[in-house]
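Reading through the structure tokens given below for one structure.
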Amino acid sequence: MVSALAASLRPVVFVAATVVTAVVDVVVLRVLGAPFAGIWWVPLVIAVQAVVVQSLKQMGVLVARLEAARAEVAQMAVENERLRFARDLHDILGHTLTSITIRSQLAARLARTDPDRAAREMTDVEHAARQALDEVRHAVTGYRAPALSEELDKAARGLRAAGIELEVSPAEGPIPASAEIVLAWAVREAVTNVLRHSRAGRCRIDLSVDDTAAGLEVRDDGTPPNDESGAARAGHGLTGLAERVAEAGGRLEAGVPPGGGYRLCVRVPLEAS
């Protein structure tokens, strides 16, 4: 009886029904001639049974909610992994494909006037394509974090091929590995934008580190792409970089400085990273 009431009634109504059931049972037993000393435990048994049944019912509700929460967390994890993979794939291929495009165009222009250099450029294009394939394989099989020194080397080669002068100012001390990864992604994205959009003649990369944070500033004298309002437009790569920096507890600033050109600045706190 108590189990049936618990399954079909709301908690407040169930409590009232349990009290009524206990009273009715005691009254019926007294009418039938049972002494009070022999039936005093009946309300107690009914109350205990009601508590147990209600607890089991509540436990079932909590288990159902827990399962729903687990399913939601699993779905969110899948969505976050899809976003991460899309962001990583863009960051991995964006710079390399831009470099391949520029070197291919250069080789096409040099094919008649300087065949030897054109052949060297196409060899570099082949090397870059193979490297891009390897990086995609790494991205598919597992996460591959970039190295800051490798990204600076790639930046120098890519900018030199595009006829852009690069100046690098190194940090005064070692940069911790966790912060270095974020700065490496920042170098890749910044240089990709310089190659793809800016039509710059000069580019400068400044690295810094102190007791609290590691920083990077990339400036060029080109013209960034603008939106309809005339402001510098942020692409998918810059949005992904902002997410990486935010995950590391850092800050990203990007835009047109007072002197013109384009400036990208990243600062990552060492403790957070």
Side-chain angles (χ1 to χ4, degrees), residues 87-88 90-103 128 145-210 212-227 231-270 273:
R87 182 184 65 190
D88 289 354
H90 176 278
D91 293 344
I92 288 170
L93 293 180
H95 173 78
T96 304
L97 295 180
T98 299
S99 177
I100 289 174
T101 300
I102 292 174
R103 290 178 177 274
L148 183 57
S149 59
E150 292 180 2
E151 293 305 320
L152 291 173
D153 186 56
K154 291 180 184 178
R157 295 198 304 268
L159 293 173
R160 183 172 60 250
I164 301 174
E165 182 181 348
L166 173 64
E167 182 179 357
V168 178
S169 176
E172 295 182 355
I175 299 176
S178 52
E180 180 184 346
I181 293 173
V182 180
L183 298 186
W185 284 117
V187 169
R188 176 178 291 194
E189 176 59 26
V191 173
T192 299
N193 287 337
V194 172
L195 291 171
R196 185 180 299 168
H197 303 303
S198 70
R199 298 182 295 277
R202 296 173 58 87
C203 178
R204 179 179 175 87
I205 299 177
D206 292 306
L207 297 168
S208 63
V209 64
D210 54 33
T212 60
L216 166 77
E217 182 181 80
V218 181
R219 297 179 68 113
D220 65 74
D221 58 358
T223 304
N226 298 330
D227 56 21
R233 184 174 69 243
H236 295 293
L238 192 59
T239 301
L241 177 61
E243 293 175 355
R244 293 182 189 277
V245 174
E247 289 173 0
R251 185 180 73 256
L252 182 145
E253 298 176 0
V256 179
Y262 194 74
R263 172 180 176 270
L264 183 145
C265 181
V266 172
R267 190 164 177 83
V268 182
L270 300 185
S273 63

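Sequential numbering from 1 along the given sequence is applied to the chain's residues. Note that the structure is predicted; figures quoted are calculated from it, not measured.
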Side chain to side chain contact (heavy atoms under 4.5 Å, CB included) involving [X] - partner list, sequence neighbours excluded:
X	answer
R219	E217, P257, R263
R251	E253, R267
E165	R202
A162	I102, I164, L195

Considering all heavy atoms, the nearest [X]-[Y] contact:
X	Y	answer
G250	P269	CA-CD, 3.5 Å
L166	A155	CD2-C, 4.2 Å
L270	A214	CD2-N, 3.7 Å
A248	V182	CB-CG2, 3.9 Å
V209	G173	CG1-O, 3.5 Å

Could you give the distance from [atom1] ([X]) to [atom2] ([Y]), rounded to the nearest 0.5 Å?
X	Y	atom1	atom2	answer
E243	L241	CD	CG	9.5 Å
R204	D221	CZ	CG	13.0 Å
L216	E151	CG	CD	11.5 Å
I205	L159	CD1	CG	7.0 Å

Only counting residues at least two apart or in another chain, list the ones meeting side-chain hydrogen bond (donor to acceptor under 3.5 Å, both in side chains) with [X].
X	answer
T212	D210
E172	none
R157	D153

* To do: Answer yes or no: is there a donor N or O on one side and an acceptor on the other, between the side chain of D220 and the main chain of A200, under 3.5 Å?
  =>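 Not at all, since once roles are kept as given, no pair shorter than 3.5 Å links the two residues.
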* Asked: If you look only at pairs with a residue in residues 173-183, which of them pass as a salt bridge (Lys or Arg N to Asp or Glu O under 4.0 Å), with sequence neighbours excluded?
  ->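 Output for this query is empty, none listed.
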* **Test log, rule side chain to side chain contact (heavy atoms under 4.5 Å, CB included), inputs L252 and C265** => CA-CA 6 Å; L252 182 145; C265 181; over 6 Å; no
* To do: Would you check if C203 and V218 make a side-chain contact, meaning some heavy-atom pair closer than 4.5 Å?
  =>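 Side chain of C203 against side chain of V218, heavy atoms only: contact under 4.5 Å found.
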* To do: Dump the intermediate steps for side chain to side chain contact (heavy atoms under 4.5 Å, CB included) on I181 and L148, then the final yes or no.
  => CA-CA 7 Å; I181 293 173; L148 183 57; over 6 Å; no
